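Computed from heavy atoms alone, side chains included, the values below leave out hydrogens, waters and symmetry copies. What you see is a predicted model; the values in this text were computed from it and never measured. All ligand and atom numbering here is 1-based and tracks the order in the structure.
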Amino acid sequence: MAKTIVAGNWKMNLTISEAQKMVADLVSLGPCPEDVTGILIPNFVALKTVADEIKGTSYKLGAQNMSSEDQGAFTGEISWDMLTDVGASYCIIGHSERRTIYLENNSQIEKKLKKALASGITPILCVGESQEKREAGEAKKRVEGQIHRATLGLKEEDVKKIIIAYEPLWAIGTGAAASPEDAEDMCKTIREWIRKGFGDEVADQLSILYGGSVKPENIQSFLEKEDINGALVGGASLKAKDFYALCQEVSHEN
Ligand code: PGA
């Protein structure tokens, strides 16, 4: 069965001291429900602080990006072993802000995904279409193409380790989330695409997240859908009480 996941992508927000306070507040609110994987994804300089604060809790640590190289003359990059060393076990790969603002292409994303898999870091592969592609009726083609390129040559046992986040570009940071029906339609398409290429077992246990203006008030409406197993949350993951609420909302413990 697919795991329920709430991942908080802090993007370029929160200084080290703000991050420390956020996580201390979060932990003081209570534990992450046992049936939810709550992942905090701070900026690189706050990773160590967050790692220290979540010690002894079930919250997990992730990074927002990583290099496809192991080490060396790559100014401004971060390697998998630096991430592993600091305690990050997840990494966002191919976020739309990396693709559109920093012009990361499918081939770079494929290399990063493979490096994450080879180094034991769980990749959160982001895919999603622009407003133009949606209006042109090409949303599914775009998303399937992105997954196809990222997973080229991978085996079932690799694909099994990937988390896929469907994040339509027009819903990110706009306050205008996709409708749960449209999000489900795309997440189902993703699962069926994976089923065709990698079989039932991989498809059925694949966690597919929806991302784009998710908040505590609407997360349930997405998670109620059959093919949506969690959320990748930006803006609403920055405050302790909101991230705590997001994790509580999707738990079946309450
Ligand atoms: P948002 O961002 O929740 O602020 O829309 C989501 C994301 O970019 O992962």
Do any nitrogen or oxygen atoms of ligand 1 lie under 3.5 Å from a protein nitrogen or oxygen, and which ones?
residue  : atom  : partner : partner atom : Å
ligand 1 : 2 (O) : K11     : NZ           : 3.3
ligand 1 : 3 (O) : G234    : N            : 2.8
ligand 1 : 4 (O) : G235    : N            : 2.9
ligand 1 : 5 (O) : G173    : N            : 2.6
ligand 1 : 5 (O) : S213    : N            : 2.7
ligand 1 : 8 (O) : K11     : NZ           : 2.7
ligand 1 : 8 (O) : H95     : NE2          : 2.7
ligand 1 : 9 (O) : H95     : NE2          : 3.3
ligand 1 : 9 (O) : E167    : OE1          : 3.3
ligand 1 : 9 (O) : E167    : OE2          : 2.7

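- For the pair M12/N43, no side-chain contact is recorded, criterion being any heavy-atom separation below 4.5 Å from C-beta on.
- Within 6.0 Å of CD on E157 lie more than 12 heavy atoms contributed by other residues, nucleotides or ligands.
- Ring pair F222/Y210 is parallel by interplanar angle, where below 30° counts as parallel and above 60° as perpendicular.
- Taking the side chain as every heavy atom from C-beta outward, P123 and L117 approach each other to under 4.5 Å.
- If you run side-chain hydrogen bond (donor to acceptor under 3.5 Å, both in side chains) between W170 and each of E129, E132, Q131, only E129 comes through.
- Taking 4.0 Å as the cut-off between side-chain N and carboxylate O, K55 and D52 count as a salt-bridged pair.
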